[in-house]
Each structure stands twice: as structure tokens, then as C-alpha cells.
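If you're wondering where the values come from, they're calculated on a predicted model, not measured in any experiment. Just so you know, these numbers use all the heavy atoms, side chains as well, and skip hydrogens, waters and symmetry mates. The first residue of the sequence shown is numbered 1, and numbering continues consecutively from there.
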Amino acid sequence: MKQSSYFIPTMREVPADAEIASHQLMLRAGMIRQTASGIYSYLPLGKRVLKKVEEIIREEMDASGAIEVLMPAIQPAELWEESGRLGDYGPELMRLKDRHERDFVLGATHEEVITSLVRDDVKSYKKLPINLYQIQTKYRDERRPRFGVLRSREFIMKDAYSFDTSKEGLDVSYQKMYDAYTRIFKRFGLDFRAVEADSGAIGGTDTHEFMVLTEVGEDTIAYSDQSEFAANIEIAPVHVNYTKSDETEEALEKVETPNVKTIEDLENFFKQSSDRMIKAILYTVNEEPLLVLVRGDHEVNEIKVKNLFDKGVVELASPEQAKQFLNCETGYIGPIGLPSDIKVVADVAVQYVVNAICGANELGFHFQNVNPERDFTVSTFTDLRLIQEGDPSPDGKGTIRFAKGIEVGHVFKLGTKYSEALGANYLDDQGKTQPMIMGCYGIGVSRTVAAIVEQSNDENGLLWPKSVSPFDIHLIAINVKDEAQLKLADKLYDELRANRLDVLYDERPERAGVKFKDADLIGLPIRIGVGKKAAEGIVEVKVRKTGEMLEVSVAELNETIQTLISKL
Ligand code: 9G3
């Protein structure tokens with residue numbers, strides 16, 4: 001492709017509202033442009049990378065036996081009513097009416113559509129298992145789109161859906177997708193971890209997230225420094241063998257603590273460390289009060305609290321609700337002397353504190369020498385806290401470390417949630433009607449492009465892995481006014497393409513510096529400069545990633561290029 005007749009609007013300055021490297025670089029390298037908040041156009045270079053990413057995904061999905069389809073982005077709301085999900089999503093699910101005033105949604109995901117499609121056309125167990133996938137645009141009206149295409153309102157997803165006749169069958173389908181994802185993300189050259197993303201029950205989990213490790217990821221991963229354990233901190237289980245100190249239990253004492261509210265205030269006031277305090281946080285479960293206790297040096301894991309009440313709507317109580325239920329300000333809440341209708345649950349660690357400090361449920365007062373069981377009771381002690389760096393790994397091997405991650409893939413065992421709701425049944429070999437057992441598997445295609453950029457750039461610009469690079473070679477005629485240089489560069493352009501290389505040919509009448517800066521920014525893996533030594537048949541070859549520079553005679557150029565590319 002000749003750059004003088006192409007469209008790569010590179011930018012020197014960093015756009016003000018782009019906070020992270022991938023957003024800045026994809027704008028500056030002329031890959032994307034924002035059309036509206038969270039809505040992007042892909043310019044030629046961006047489109048070529050998308051295409052390469054999609055091709056690799058397609059190859060591995062087809063190799064795994066999945067079959068490609070294409071579903072509509074506009075979905076009848078009736079299907080979401082049938083699945084019971086229409087009410088589950090607020091403004092994030094974009095809705096519209098057609099000219100006949102009929103209700104539709106813009107596809108945020110396609111469980112309903114694919115299940116209704118399979119229900120109508122797959123009836124016998126002989127047709128199962130089947131795994132159907134698409135690569136298609138999704139719509140989710142994020143409240144705060146940010147980080148460019150990492151969190152946008154319109155994005156490209158590969159979503160696959162498997163249908164089996166047994167749990168064992170689903171396990172096979174799931175493993176096939178898990179393995180295909182591992183191959184896909186390896187081919188992108190990504191540093192990623194498959195992370196448990198369900199209740200974290202060790203072994204037999206029913207969902208994994210594929211996380212790309214970067215500093216700017218929106219998710220935090222807890223991983224062991226000595227084993228394969230890795231889990232989203234939202235659900236990482238905590239397995240600590242606490243021990244109770246053998247100090248004697250002192251008499252409970254109520255202490256006046258004016259203006260002492262935070263854990264630090266308490267530590268300074270009582271000269272006692274936070275691991276000997278009890279933090280009480282008031283929630284509501286379906287509007288009923290729930291007091292959650294954790295040790296002073298721990299944090300409540302809200303997902304774990306929600307999992308205690310699988311159908312309940314669990315929310316942090318507002319200060320007004322704290323007043324209403326406990327007649328007390330937050331900051332002085334505690335488990336002692338509560339009204340009987342307040343349910344109390346506690347993290348396991350609370351059971352092992354001795355002579356602790358906690359709020360007295362009275363403005364300006366705390367208790368000290370608080371001992372669980374003696375001074376307060378709870379309805380259950382269970383794992384309710386966020387895992388922390390330094391905790392032992394739940395699998396007993398090594399210590400927990402944190403890493404930020406970008407979720408680029410997510411695989412789920414769905415079971416019969418949608419097949420029962422939508423009546424996707426099959427006749428088993430006894431002629432009995434059974435609901436199909438489903439799995440679903442997503443890859444954020446456009447998000448993956450940004451994740452690759454996040455992991456592969458330097459101070460001069462992009463550094464494309466050869467598997468997804470928009471072109472293989474950046475050929476530059478350094479001074480197009482020099483007859484010898486232009487003639488040789490034109491010749492090489494034809495020869496390199498004859499050798500089936502994708503070449504971006506910069507023959508623009510620009511200064512050398514501009515061309516080299518653009519080449520570094522665009523980040524193609526190999527650059528060939530046709531300059532002063534063109535008359536001697538010598539060109540300059542640069543490997544973008546390592547900065548390695550070679551002077552090569554035209555006669556050896558093709559062989560040198562092939563060798564360099566094979567080593568990338
Ligand atoms: C919605 C909206 C947002 C959503 C969903 C539905 C996430 C929703 C979960 C999934 C599960 C899997 C198939 C591919 C892999 C992921 N955000 N999810 O269902 F209406 Cl607005 O999408 N779906």
C-alpha cells in the first residue's frame with residue numbers, strides 16, 4: 001500500500017482525554033477515532049489489526065469444531081421477557097421501538113437469540129453436542145465509557161454457545177473452549193492468566209476469565225507466587241488457619257471516644273492495632289438490615305455477602321438507614337446490644353479476636369475488651385473478606401500477590417438456565433424430553449486489540465507482534481527527489497509483494513525525520529530504508545522491537561527479511 005494514497009492520520013501530540021497508553025497510541029497512530037463517547041470508528045490500520053485478530057480467533061474456533069453463524073444485533077424484547085432478563089438490566093441494555101411500536105433491544109449478548117434459534121431447529125440428541133459462534137458488534141450502554149475501546153459502548157465480541165446432553169458433555173465443550181482460548185491468546189503474544197471467576201471453590205469451577213496482565217487493567221487478580229492458583233479478587237476464597245491468642249479475656253468496658261470514628265482514629269486512641277478491632281458494616285438484604293463484621297485490618301467482600309443470599313438484593317445501607325435500624329451513626333456501629341431483628345454475619349477471622357475494640361452503637365462511645373461468643377453472637381462465621389496480598393494461597397501453596405488485569409475472555413458453564421427458560425429441549429435416547437445443557441464463551445475482540453497495544457509499545461510508539469501487525473514491512477523511500485532512491489524503492493515494493501509480504505510503502509514527499517517518526521509510531525515489525533546507498537544497492541533494515549539496524553545488499557534482502565521475520 002502506498003502511503004501517499006492511503007489514510008493514516010498520525011498525531012504527534014497526546015490527546016488530552018486519553019489516559020492510558022493504548023488509548024493514546026491508537027489515536028496517535030491513526031487506528032481509531034471517537035465518533036461519540038464510548039463509540040469508535042476504526043481507520044484502515046485499526047481495521048487491518050481487527051481483521052488479523054478475528055482471523056486467528058476464527059481459525060482456532062473452527063479447529064475446535066465450533067461452527068460460525070451471524071445473529072442480529074437487534075433482538076425482540078419478547079425473548080428477554082421469556083428468559084426473565086429484561087428486568088435484570090437497567091439503562092445499560094439499550095432499547096428501541098420499531099416503526100410498529102414493537103419493543104427491541106440492542107444485543108449486549110446473545111444467549112436468548114441463540115437458544116431460541118437452537119430450540120426451533122435442534123430436536124434430537126443425535127444432533128448434539130453443537131457449538132455455534134459469531135463475531136459481531138455488541139452494545140452495552142456503560143455509564144462511564146473510558147480507556148478508549150477498552151470500555152466502550154459498542155464493541156466487537158466473539159461469542160460462542162455450546163449445547164450438550166450431559167454435564168460431562170458440557171465439561172468437554174468447556175475444556176475445548178478453554179484450550180482454544182489458550183492457543184488464541186498465545187498466538188497474540190499476550191502475557192495472560194486464566195483466572196477462576198466463580199465462588200472460587202478450588203477445583204471444579206464453572207467460569208474462568210482470561211486476564212491480560214497490565215498496570216492499567218480494571219480488574220485485580222489474586223495469584224499465588226508458587227502455584228497456578230489465580231482468581232479475580234472479587235471472588236478469591238480466603239483459607240487462613242487463624243489461631244486465638246491465649247491472653248485472658250478482660251472485662252468488657254464502655255469507653256467515651258469523642259470524634260473517634262475511623263480505624264486509624266481508634267488505633268491512635270486505644271494504642272491497639274487494627275487486627276484487634278471489629279469493623280461492623282450495615283447492609284440491607286431485600287431492604288432488611290444485615291450487619292457484617294470483619295476484623296479491623298480486613299475489608300468486606302460484597303460479592304461473598306451477596307452469594308450468601310443468592311436471590312437477595314444486597315446493598316450497603318445508607319447513613320439514614322443506619323439511623324433508622326440502629327439509631328446510630330456509621331463509625332460507632334458494633335455487634336453488642338443490637339435490636340433482635342438485626343441479622344449479624346461475620347468473617348471467620350472475627351471468631352479469633354481476643355479483647356477487641358468495636359463500636360458501641362452509641363454516638364461517641366466504643367467498647368474495649370470485646371470477646372466474640374461472650375459479648376455478642378452471630379448467625380454465621382464464614383469467608384466474607386477480600387483476599388489480601390500476603391495471605392496464604394487458598395490452595396496452600398505460596399503467598400498471594402496482586403496484579404492488575406484486562407479481561408479479554410470469559411468462559412461460563414451455564415447449565416439449563418436459558419434452555420429451561422426458553423424451552424430448548426431435545427429427545428434423549430429413551431425418547432424423553434430433556435433441557436439442553438449450555439456453556440457460553442466470549443472474547444472481547446476490539447478490547448483484545450487494546451490489550452495487545454497495552455502490552456506491546458515503547459516510548460516511540462506501537463510494537464506489533466507479527467501475528468496481528470497491520471503490515472509486515474514498512475518500506476521507506478527516504479528522499480523521493482533522489483532518482484536512484486525512488487527507483488530502487490519502487491522496485492523493492494514490487495519484489496517484496498511478489499514474495500507475499502504485506503508492505504506499507506512510504507513514498508510521501510516528506511522529510512526523513514517525519515517518515516521515521518511515523519514508522520516508529522505505527523510500529524510495523526521490520527523497516528527498510530532506501531537512502532543514500534541506494535546507488536550502491538545497499539539498504540538499511542531495522543527491527544522495530546529490538547532497534548537492531550543492518551545494512552543489507554539488495555541481493556540478500558529477501559533472505560535477510562525472511563530470517564528476521566522468522567525470529568520475531
Ligand atoms: C446485558 C447487559 C450487559 C451484560 C449482559 C447482559 C454481561 C450479560 C454476561 C455475559 C455472559 C456471556 C456470552 C459471551 C460471553 C459472556 N454484561 N453479561 O449477560 F443485557 Cl446490558 O455476557 N455472554
Side-chain angles (χ1 to χ4, degrees), residues 7-54 56-57 73 92 94 106 108 135-159 185 188-192 209-220 403-410 442-465 467-470 518 520-524:
F7 177 41
I8 307 176
T10 54
M11 294 153 71
R12 286 279 166 275
E13 64 289 343
V14 175
D17 63 342
E19 299 161 73
I20 60 171
S22 58
H23 189 191
Q24 294 167 359
L25 288 169
M26 289 173 76
L27 286 167
R28 287 187 54 218
M31 288 179 64
I32 57 171
R33 284 293 180 270
Q34 180 174 300
T35 304
S37 163
I39 295 173
Y40 287 85
S41 297
Y42 288 85
L43 307 188
L45 284 187
K47 173 62 184 164
R48 285 179 78 99
V49 174
L50 268 184
K51 198 159 174 290
K52 293 247 176 145
V53 166
E54 288 169 7
I56 287 173
I57 291 172
E92 191 189 357
M94 299 182 86
L106 277 187
I135 298 178
Q136 207 244 34
T137 304
K138 294 280 185 291
Y139 300 88
R140 293 179 183 176
D141 199 355
E142 300 283 349
R143 191 205 339 251
R144 269 197 74 218
R146 59 197 298 231
F147 296 166
V149 298
L150 264 192
R151 175 172 290 280
S152 52
R153 295 195 287 169
E154 174 182 280
F155 56 96
I156 298 166
M157 186 198 275
K158 183 286 303 172
D159 43 325
F185 294 121
F188 293 151
L190 283 170
D191 173 15
F192 69 95
E209 290 166 341
F210 285 75
M211 292 286 196
V212 166
L213 307 183
T214 66
E215 298 75 51
V216 294
E218 296 193 298
D219 293 84
T220 303
K404 297 302 263 180
I406 298 171
E407 179 196 324
V408 288
H410 203 155
I443 291 182
V445 175
S446 39
R447 175 179 277 190
T448 293
V449 172
I452 292 170
V453 172
E454 274 302 320
Q455 275 199 345
S456 188
N457 69 72
D458 67 13
E459 66 283 356
N460 298 316
L462 299 166
L463 271 172
W464 290 114
S467 58
V468 297
S469 181
D518 276 353
D520 281 346
L521 180 57
I522 290 166
L524 301 182

Engineer: Considering residues at least two apart in sequence or located in another chain, which fulfil the ring pair (Phe, Tyr, Trp, His ring centres under 6.0 Å) criterion with Phe210?
Structural biologist: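 For Phe210 the ring pair (Phe, Tyr, Trp, His ring centres under 6.0 Å) partners, ignoring immediate neighbours, are Tyr178, Tyr181, Phe185.
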Engineer: Mind checking what makes side-chain hydrogen bond (donor to acceptor under 3.5 Å, both in side chains) contact with Arg143, not counting sequence neighbours?
Structural biologist: none
Engineer: Not counting sequence neighbours, which residues clear salt bridge (charged side-chain N to carboxylate O under 4.0 Å, His left out) with Asp141? List them please.
Structural biologist: Arg153
Engineer: How would you list all residue pairs meeting side-chain hydrogen bond (donor to acceptor under 3.5 Å, both in side chains) that involve residues 445-457, not counting sequence neighbours?
Structural biologist: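 Output for this query lists Ser22-Glu454.
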Engineer: Is Arg144 atom CZ crowded by more than 12 heavy atoms from other residues, nucleotides or ligands, each under 6.0 Å away?
Structural biologist: no
Engineer: Would you say the side chain of Ile20 lies within less than 4.5 Å of the side chain of Leu150, judging by non-hydrogen atoms?
Structural biologist: yes
Engineer: Is there a side-chain contact between Ile443 and Val408, using heavy atoms and a 4.5 Å cut-off?
Structural biologist: no
Engineer: Just jot down the side-chain hydrogen bond (donor to acceptor under 3.5 Å, both in side chains) partners of Glu92, sequence neighbours excluded, or say none.
Structural biologist: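 Per chain and number, Glu92 pairs via side-chain hydrogen bond (donor to acceptor under 3.5 Å, both in side chains) with no residue.
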Engineer: Which heavy-atom pair separates Pro470 from Val49 by the least distance, and what is that distance?
Structural biologist: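 Result for this residue pair: CD-CG2, 3.7 Å.
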Engineer: I'd like a table of donor-acceptor pairs (distance under 3.5 Å, sequence neighbours excluded) in which one partner is a side-chain atom from residues 37-44, with atom names and distances.
Structural biologist:
{"residue": "Tyr40", "atom": "OH", "partner": "His23", "partner atom": "NE2", "Å": "3.4"}
{"residue": "Tyr40", "atom": "OH", "partner": "Gln34", "partner atom": "OE1", "Å": "3.2"}
{"residue": "Ser41", "atom": "OG", "partner": "Thr35", "partner atom": "OG1", "Å": "2.8"}

Engineer: side-chain hydrogen bond (donor to acceptor under 3.5 Å, both in side chains) with Glu407: which residues, sequence neighbours excluded?
Structural biologist: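 Residues passing side-chain hydrogen bond (donor to acceptor under 3.5 Å, both in side chains) with Glu407: His410.
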Engineer: Say you draw a straight line from CG of Leu45 to CG of Leu462; how long is it, rounded to the nearest 0.5 Å?
Structural biologist: 9.0 Å
Engineer: Let me confirm one number: the CD1-OG distance from Ile452 to Ser467, rounded to the nearest 0.5 Å.
Structural biologist: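 Answer for the CD1-OG pair, Ile452 versus Ser467, is 6.5 Å.
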Engineer: Without swapping roles, check the side chain of Lys52 against the backbone of Ser469 for a donor-acceptor pair under 3.5 Å.
Structural biologist: yes
Engineer: Can you list the residues that meet the side-chain hydrogen bond (donor to acceptor under 3.5 Å, both in side chains) rule with Glu19, with sequence neighbours excluded?
Structural biologist: none
Engineer: Test: salt bridge (Lys or Arg N to Asp or Glu O under 4.0 Å). Region: residues 24-48. Which pairs qualify, not counting sequence neighbours?
Structural biologist: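 Pairs touching residues 24-48 that pass the test: Arg48-Asp502.
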Engineer: Would you say Met31 and Leu25 make side-chain contact, with heavy atoms under 4.5 Å?
Structural biologist: no
Engineer: Rounded to the nearest 0.5 Å, what separates atom CG in Asp219 from atom CE in Met211?
Structural biologist: 3.5 Å
Engineer: Side chain to side chain contact (heavy atoms under 4.5 Å, CB included) with Lys138: which residues, sequence neighbours excluded?
Structural biologist: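 Listed in chain order: His110, Gln134, Gln136, Phe155, Met157, Asp159.
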Engineer: Side chains of Val468 and Glu54, heavy atoms from C-beta outward: is any pair under 4.5 Å?
Structural biologist: no
Engineer: Identify, with sequence neighbours excluded, every residue that meets side chain to side chain contact (heavy atoms under 4.5 Å, CB included) alongside Asp17.
Structural biologist: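 With neighbours one apart ignored, the set is Pro15.
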Engineer: If you compare all heavy atoms of Gly217 against all heavy atoms of Ile406, which two are closest, and at what distance to 0.1 Å?
Structural biologist: CA-CG1, 3.7 Å
Engineer: How many angstroms lie between atom CG of Leu524 and atom CG of Leu463, to the nearest 0.5 angstrom?
Structural biologist: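 The CG atom of Leu524 sits 10.5 Å away from the CG atom of Leu463.
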Engineer: Looking at residues at least two apart in the chain, or sitting in another chain, which of them share a side chain to side chain contact (heavy atoms under 4.5 Å, CB included) with Gln24?
Structural biologist: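 Result, side chain to side chain contact (heavy atoms under 4.5 Å, CB included) vs Gln24: Val14, Ala18.
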